[in-house]
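Because the structure is a prediction, the values reported are computed rather than measured. Just so you know, these numbers use all the heavy atoms, side chains as well, and skip hydrogens, waters and symmetry mates. The chains referred to below are lettered A, B, ... by the order of the sequence lines, with proteins before strands, and numbering in each begins at 1.
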Number of protein chains: 2
Amino acid sequence: MVPRVAVVSPYHHGDLESALVEAAIALVRKYGPDHLSLRAVSADVGVSPSASYHYFQDKNALISAVGSVLFARLADLQEEAISKISGSGMHSARERFQAMGNAYFKWAVTEPNLYRLLFGGFCEMQEVPQDHKAWRLLSEGLDELVQVGLITKSARQNGEALVWSAVHGASSLIIEGLMPRQAFPEVLKGIQRSLGMK
Amino acid sequence: MVPRVAVVSPYHHGDLESALVEAAIALVRKYGPDHLSLRAVSADVGVSPSASYHYFQDKNALISAVGSVLFARLADLQEEAISKISGSGMHSARERFQAMGNAYFKWAVTEPNLYRLLFGGFCEMQEVPQDHKAWRLLSEGLDELVQVGLITKSARQNGEALVWSAVHGASSLIIEGLMPRQAFPEVLKGIQRSLGMK
DNA sequence: CGTGCATCTATACAATGTTCAGATTATCTG
DNA sequence: CAGATAATCTGAACATTGTATAGATGCACG
């Protein structure tokens with residue numbers, strides 16, 4: 001028997017669930033989604049591998065939890081980028097729209113492993129999140145472009161699909177090395193042409 | 001010196017390298033890129049797990065080999081779809097262009113696991129060379145649109161980036177369940193608007 | 001104070017990637 | 001055509017992984 005004195009780390013962690021998620025994010029960030037190990041996550045938190053099964057059914061469940069956290073954070077980054085541009089005219093509306101796309105792309109290239117986990121089929125995201133912040137931001141951004149008269153109402157219709165597809169596609173192809181980084185601004189211009197933006 | 005034809009010998013396989021690649025493709029197709037097992041691949045071919053290390057440095061090398069095979073096959077499918085549309089007028093040029101995008105998308109939705117392996121960061125791919133069939137088809141398709149007068153020369157500039165980004169992005173988002181299938185035709189329309197296509 | 005319950009540990013098991021020594025066969029040399 | 005040499009494959013081994021099960025631990029509450 002080991003003499004048991006005052007233990008530094010308590011038996012009950014207190015907030016193990018989110019601690020596991022954060023540790024998983026850190027490990028995916030470093031080594032990629034396919035090299036995420038439940039045991040390494042648990043060890044980083046200072047807990048036995050079995051402990052995580054109290055909060056997540058299996059490894060996939062943890063990954064899915066990571067996915068929704070990351071998706072929310074990406075939306076936060078976009079919102080932050082938008083909020084830095086004030087004004088209500090045509091100029092600032094366009095800049096806000098571009099800032100949204102740039103924030104998305106910037107996150108992809110600075111955190112390719114997190115991006116892969118989020119959009120690479122690792123986490124099961126079943127529903128089309130119409131009320132998700134990311135979708136709301138895009139939708140409201142398009143609405144603003146209509147309101148300030150930069151695009152027509154008919155060009156705006158279903159604009160979300162084209163915009164998200166092009167921005168996501170370019171980000172994905174670029175971080176996988178299939179396209180040069182310099183292509184992204186061109187894609188942004190193409191999106192605006194597609195919307196008939198002046 | 002050249003390895004000879006496949007004489008059915010229990011010990012020497014004859015064409016193990018490509019047999020491993022084909023078996024890997026079949027397994028990825030079924031179970032996804034992250035559940036590909038070297039041992040299962042070897043077992044399917046009827047060979048010891050160690051045998052594959054004579055042809056591939058490690059699991060990643062096999063996956064990368066699978067990747068370039070798949071990329072070539074995707075291009076073949078696109079070429080086949082294009083070749084089914086004859087004629088040299090504006091109408092057939094547009095149809096060929098659309099057929100290319102549709103073939104890409106169709107492959108993505110019918111083989112999501114292969115698509116994920118190819119574009120999900122599993123295989124280390126270098127920047128797609130200008131002389132790759134997939135790039136050539138896209139490039140020539142855009143050139144044809146200019147030649148028949150469907151788009152202007154200036155709108156065509158760097159059109160590859162926007163087209164590939166949008167088609168790839170839509171395919172990716174749709175197979176991951178983030179976008180409804182029905183959004184793809186809208187994206188195709190958006191691409192044509194972006195090119196100023198009549 | 002002690003009883004119940006949520007939380008965490010220990011142990012075990014099968015599967016995986018990978019290495020290495022050796023067995024088996026094909027090919028070449030004399 | 002025989003024997004040597006190189007190419008190809010096997011077998012066993014090791015560390016690491018996800019996960020299941022049984023038991024230990026400590027908190028809240030009677």
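- The B:Ser37 side chain lies nearest to C:dT16 when the options are C:dC8, D:dG18, C:dT16.
- At whole-Å resolution of the value, CD in A:Gln57 and P in D:dG18 are 15 Å apart.
- Pairing each heavy atom of B:Ala155 with each of B:Thr152, the nearest pair is N-OG1, 3.1 Å.
- Atoms CG (B:Leu36) and C1' (C:dA15) sit 14 Å apart, rounded to a whole Å.
- Among D:dC9, C:dA6, D:dG18, the nucleotide with an atom closest to any side-chain atom of B:Val47 is D:dC9.
- The A:Tyr53 side chain lies nearest to D:dG18 when the options are D:dG18, C:dC8, C:dT18.
- One atom, CD1 of A:Ile63, and another, C1' of D:dG18, lie 11 Å apart when rounded to the nearest Å.
- Other residues, nucleotides and ligands contribute more than 12 heavy atoms inside 6.0 Å of the CZ atom of A:Arg136.
- If you measure from atom CG of B:Leu27 to atom P of C:dT16, you get 10 Å, rounded to the nearest angstrom.
- With hydrogens and angles left out, the side chain of B:Ser50 and the base of C:dT18 share no donor-acceptor pair within 3.5 Å.
- In this structure, A:Arg39 and B:Asn60 both approach DNA chain C, and ranking their closest nucleotides by distance from the 5' end singles out A:Arg39.
- We find that CG of A:Asp58 is positioned 17 Å from P of D:dT17, with the value rounded to whole Å.
- If you take CG of B:Asp34 and P of D:dT17, they are 16 Å apart, rounded to a whole angstrom.
- The number of heavy atoms from other shown groups lying within 6.0 Å of NZ (A:Lys84) does not exceed 12.
- Minimum atom distance to the side chain of A:His54 is reached by C:dC8, of the listed D:dC9, D:dT19, C:dC8.
- What separates CG of B:Asp15 from P of D:dA7 is a distance of 18 Å, to the nearest Å.
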* To do: Could you please spell out the steps behind the side chain to side chain contact (heavy atoms under 4.5 Å, CB included) verdict for B:Leu62 and B:Val21?
  => CA-CA 7 Å; B:Leu62 172 58; B:Val21 170; 4.1 Å; yes
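- Tracing side-chain contacts under 4.5 Å through hydrophobic residues (I, L, V, M, F, W, Y), one never reaches A:Ile85 starting from A:Tyr104; they form parts of separate clusters.
- Among the atoms of the strands shown, only primed sugar atoms or phosphate atoms (P, OP1, OP2) are found under 4.0 Å from some heavy atom of B:Tyr55.
- Nucleotide D:dG18 holds its P atom 12 Å from the NE2 atom of A:His35, rounded to whole Å.
- Of the candidate nucleotides D:dT19, C:dT18, D:dC9, D:dT19 has the atom nearest to the side chain of A:Lys59.
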